[in-house]
Amino acid sequence: MTTRILPAVGDPDAARAIVSLLGRLPDAEPAPPVGDSTSLTDMLARLAAESLDELPEVVLVHERIGPLPALELIRDVALRFPAVGVVLVTADTSPGLYSAAMDSGARGLVALPLVYEELAQRVQAAAGWAAGVRRHLGHGPEAAFGGPGGTVVTVSGAKGGVGTTVTAIQLALASAASGHSVALVDLDLQGGDVASYLDVQFRRSIVDLAAIRDIGARVLQDAVFNHETGVALLLAPAEGERAEDVTDRLVRQTLGALRQRYETVVVDCGTQVNTANAAAIESADTTLLLTTPDVVTVRATKRMVRLWDRLQIRKAEETITVVNRHTRATEIQPPLVSKITATRVARTAIPANFKELQGAVDAGRMQDLEAKSSVKQAMWALAGELGLVKDVQGDTKQGRFGAGRRHGRAK
């Protein structure tokens, strides 16, 4: 797919250098540069009035653009044209400016003097962002991914040890047991344990897709492990250092391909925020954030929610918090968690009965967790609440949260 790039550069020499380098990018279609902020916003407004599809996927904003300062211009473009990925081009690569650029809505920062590899990476990431937004809005070639089925649910933890992987596995098993075709993706790239919990020894992982430009059904078939439970597993790399090979572009493309093939896609995002799982979270239909009812973890949950919001990954009101290891005796109950974090809290709380899990965890066979387990019953009830299971007539249950954020709308 061609990426249309519009440079906003006031300095003629810098403009020539940027256009020359953009011309070397594969599948790139650079437009003639605009020389000031007013011309940029006027052009984008004119294109948007014709159609969302007329907008460029990426806008490059040079640090010396005027008359509006670069960060103010980025904020204006991000607010008025959210389907455009904005990248700042600057000689200042300090953490302070990087943070300010992200807060303003930039999707990346490229250092001066320009380096081809860095420019290509940032443009590609911003284009992936734009494609994801347009897909949720029902535009662009990837819009078909948001059709019936193909629901993507991400599961993240506020901190380590809150039960993220167990919950992701049980949601996938519940959906598969009800008759859905299901894929489970392990995006806890440096410490993923999905394979260990399901007694799987499989050498391939999501890293094997990194060098492939067109991820289709045949490619997926070679990369996934078809588990005895009927769940297709796309695992994290065995070597944690290879996590760097999993880019946000790869994640978006992979999830798009999985949407086409499976009715439910559950993604274990672990507890760290990186470009890979951020791409999954921001493009998911439903995002879960697990917490436990204690002060330390609830504070970590609040920090995570704010971080996602600052990075424009996911708004608080679009996040569903799940309370794990819940007891009625604790002072921190789900309504308080909702108030502190400003998120919606799942009606289903998972009880604090770890002893029920111990045997299945030690054996590495989470699929053998007994049906009478109160923990399993709660997690499967959560799957129903999220609309991930079918009823006896074969229709997908529309739970309290439905299908989540489909086509860019919170439901």
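Reckoned from all heavy atoms, side chains included, excluding hydrogens, waters and symmetry mates.
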Can you name the residues that form a side-chain contact (heavy atoms from CB on, under 4.5 Å) with [X], not counting sequence neighbours?
X	answer
Gln358	Phe354, Asp362
Leu112	His62, Glu63, Val89, Ala91, Leu114
Ile340	Val298, Lys302, Leu336
Ala70	Val61, Ile65, Leu88

Salt bridge (Lys or Arg N to Asp or Glu O under 4.0 Å) filter on Glu118, not counting sequence neighbours, yields none
Tell me every residue that passes salt bridge (Lys or Arg N to Asp or Glu O under 4.0 Å) with Lys355, counting only those two or more places apart in sequence or in another chain.
none
To the nearest 0.5 angstrom, please state how far the [atom1] atom of [X] sits from the [atom2] atom of [Y].
X	Y	atom1	atom2	result
Leu55	Arg46	CG	CZ	11.0 Å
Arg303	Arg310	CZ	CZ	10.5 Å
Leu187	Cys269	CG	SG	5.5 Å

Considering residues at least two apart in sequence or located in another chain, which fulfil the side chain to side chain donor-acceptor pair (under 3.5 Å) criterion with [X]?
X	value
Thr254	none
Asp103	none
Asn324	none
Asp368	Arg365

Below 3.5 Å, can you tabulate the donor-acceptor pairs from side chains in residues 159-170 to any protein atom, sequence neighbours excluded?
| residue | atom | partner | partner atom | Å |
| --- | --- | --- | --- | --- |
| Thr164 | OG1 | Gly157 | N | 3.4 |
| Thr165 | OG1 | Asp268 | OD2 | 2.7 |
| Thr167 | OG1 | Gly163 | O | 2.8 |
| Gln170 | OE1 | Trp380 | NE1 | 2.8 |
| Gln170 | NE2 | Met366 | O | 3.3 |

Between [X] and [Y], is any side-chain donor less than 3.5 angstrom from a side-chain acceptor?
X	Y	value
Thr90	Asp92	no
Ser39	Asp42	no
Thr229	His227	yes
Thr343	Thr319	no
Thr287	Arg314	yes
Thr297	Thr292	yes
Glu385	Thr348	yes
Thr151	Thr264	no

Can you establish whether the number of heavy atoms outside Arg306 located under 6.0 Å from its atom CZ is more than 12?
no
A quick test of your reading: do over 12 heavy atoms of other residues, nucleotides or ligands sit less than 6.0 Å from CD of Glu50?
yes
List the steps, then state whether side-chain contact (heavy atoms from CB on, under 4.5 Å) holds for Thr154 with Thr286.
CA-CA 6 Å; Thr154 58; Thr286 301; over 6 Å; no
Does NZ or CZ of Arg107 lie under 6.0 Å from the centre of the six-membered ring of Trp129, at an angle within 45° of the ring axis?
yes
Heavy-atom pair of closest approach, residues Ala210 and Leu250
CA-CD2, 3.8 Å
Please lay out, stage by stage, how Leu171 and Leu382 fare under the test side-chain contact (heavy atoms from CB on, under 4.5 Å).
CA-CA 8 Å; Leu171 291 178; Leu382 176 63; 4.1 Å; yes
Applying ring pair (Phe, Tyr, Trp, His ring centres under 6.0 Å) to Phe202 and not counting sequence neighbours gives Phe225
Would you call Leu97 and Leu71 a side-chain contact if the rule is heavy atoms closer than 4.5 Å?
yes
